[in-house]
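First comes the structure, then the notes that go with it.
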Protein chains: 2
Amino acid sequence: MLTISQVSERTGLSPYTLRYYEKVGVLKEPKRKEGGARSYSESEVSFIQCLNGLKRLGMSLEEITEFFRDGCVMEKIQQGEDLAKLSPSLNKRTEILTKHLAELEAKKKELETIMALTREKLAMYDALAKGAAEEKNGSGARE
Amino acid sequence: MLTISQVSERTGLSPYTLRYYEKVGVLKEPKRKEGGARSYSESEVSFIQCLNGLKRLGMSLEEITEFFRDGCVMEKIQQGEDLAKLSPSLNKRTEILTKHLAELEAKKKELETIMALTREKLAMYDALAKGAAEEKNGSGARE
DNA sequence: GCTTGACTTCGAGCCGGCTCTAACCTTTAA
DNA sequence: TTAAAGGTTAGAGCCGGCTCGAAGTCAAGC
């Protein structure tokens, strides 16, 4: 059993963040020692690592909470749990990931649009700046 | 001369937002009427429209403030101001836009990375879900 | 017995970009 | 004359995701 700062070291999340995640419901409350200190198991650590994986996908804490509503499925599978029984959870997960991917795609389109606009504007200022430089040099080749 | 709500209608920014922009320094203080009410000119409206253009590029208020430190150059040009005199402003603007574009490109790369990761994870869950469905159907073709 | 260090809690603060409330003031029309 | 429709200000609240401060508790070592 691990303390919060040991879990912090092994997951890269600060104790602050771990407690915060607990508060907002993305992590469930761990057992406590007599003194009241949190006491985490190995499987809780791997759950958090799994969670970190989803954060890397840019998912919000809300999405992640929803994703994990049935616990850490990958672990259950590794423990040899019946695949058929997990089917609804798996379906929900592919659904959430599909939706997330669609959001990312939308974001990318949006980003490409504003990049195109930025390039346009940049080209305009660039052309003006060049014109200004020429005028300064007195060359004034055109006209 | 226009009131704040007239400017709001013509620019799509709420009076709240206009006052907020003034407070954080992206808009400069307009003239006041006797009563103390803000009184905007047409050129202030076109400045704000220009500002909206930059917002559409995803620029932060801080970047926009910096961009407009020398006023609305496009307008000065239209008013026939000497292009050579504006050269430093124009150079600064192309510089800011170039930097902004680089940031957008970085963001896009990042986004592409997490999209690839998401697709991977999705493929995995998808495969598992299919496997679970097969097991449920009793077919169990393999093994 | 006392200090030290790690834990606990609650609540506040931070970021950026608004958005709104409250209390007040001004102009205009009935 | 007074009420409604605008305007003004300072300051608070909101979002998500932390991050921290203060004050308290607890176990271990000197």
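Residue numbering restarts at 1 for every chain, and letters A, B, ... go by the order of the sequence lines. Fair warning: this is a prediction, and the values are worked out from it, not measured in the lab.
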A quick test of your reading: do over 12 heavy atoms of other residues, nucleotides or ligands sit less than 6.0 Å from CD of B:E9?
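No, the 6.0 Å shell around CD holds no more than 12 heavy atoms from other groups.
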
Taking everything shown except B:Q79 itself, do over 12 heavy atoms lie less than 6.0 Å from its CD?
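More than 12 within 6.0 Å, yes.
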
Which pairs pass ring-ring contact (aromatic ring centres under 6.0 Å, His included) with one or both residues in residues 65-121 of chain A, sequence neighbours excluded?
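Every ring-ring contact (aromatic ring centres under 6.0 Å, His included) pair that includes a residue of residues 65-121 of chain A, provided the two are not neighbours, is A:F47-A:F68, A:F67-B:Y125.
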
Which residue pairs pass the ring-ring contact (aromatic ring centres under 6.0 Å, His included) test when at least one of the two sits in residues 7-33 of chain B, sequence neighbours left out?
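Matches after skipping sequence neighbours: none remain.
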
For the residue pair B:E63 and B:G58, what are the closest heavy atoms and their distance?
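Heavy-atom minimum between the residues: OE1-O, 4.4 Å.
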
Shortest non-hydrogen contact from A:T118 to B:L97?
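It is CG2-O, 4.1 Å.
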
Less than 4.0 angstrom between a side-chain N/O of [X] and OP1 or OP2 of [N], yes or no?
X     : N     : result
B:R38 : D:dT9 : yes
B:T3  : D:dG6 : no
B:R32 : D:dT9 : yes

Rounded distance (Å) that lies between atom [atom2] of [N] and atom [atom1] of [X]:
X     : N      : atom1 : atom2 : result
B:I4  : D:dA5  : CD1   : C1'   : 16 Å
A:L2  : C:dA6  : CG    : C1'   : 15 Å
A:L18 : C:dA6  : CG    : P     : 16 Å
B:K33 : C:dC25 : NZ    : C1'   : 14 Å
A:E9  : C:dA6  : CD    : P     : 11 Å

If you take any heavy atom closer than 4.0 Å to DNA chain D, which residues from residues 39-50 of chain A end up in contact?
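Within residues 39-50 of chain A, no residue comes under 4.0 Å of DNA chain D.
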
Sequence-distant partners of [X], side-chain contact (heavy atoms from CB on, under 4.5 Å), two or more places apart:
X     : answer
B:E95 : none
A:T65 : A:V26, A:R69
A:D82 : A:A84, A:K85, B:E135

Protein-proximity profile, nucleotides 22-30 of chain D, B/S/- by nucleotide at the 4.0 Å heavy-atom cutoff, equals ----S----

For DNA chain C, find the residues of residues 98-117 of chain A with a heavy-atom distance under 4.0 Å and give them by number; none if there aren't any.
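Per residue number, the list is empty: none.
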
Every protein N/O within reach of nucleotides 13-21 of chain D N/O, cut-off under 3.5 Å:
from   : atom 1 : to    : atom 2 : distance (Å)
D:dC18 : OP2    : A:Y21 : OH     : 2.5

Sort and list the pairs that fulfil salt bridge (Lys or Arg N to Asp or Glu O under 4.0 Å) and have at least one residue in [range], not counting sequence neighbours.
range                       : value
residues 41-62 of chain A   : A:R10-A:E42
residues 117-126 of chain A : A:R119-B:E105
residues 106-118 of chain A : A:K108-B:E112, A:E112-B:K108

Would you confirm whether A:K31, through its side chain, and A:S41, through its main-chain N or O, come within 3.5 Å as a donor-acceptor pair?
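No, A:K31 side chain to A:S41 backbone: no donor-acceptor pair under 3.5 Å.
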
What nucleic acid atoms does A:R19 come within less than 4.0 Å of, heavy atoms only: base, sugar-phosphate, or nothing?
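It contacts base atoms.
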
Note: B:E22-B:R38 ion pair, threshold 4.0 Å (strictly below)
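Salt bridge flag = yes for B:R38 with B:E22.
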
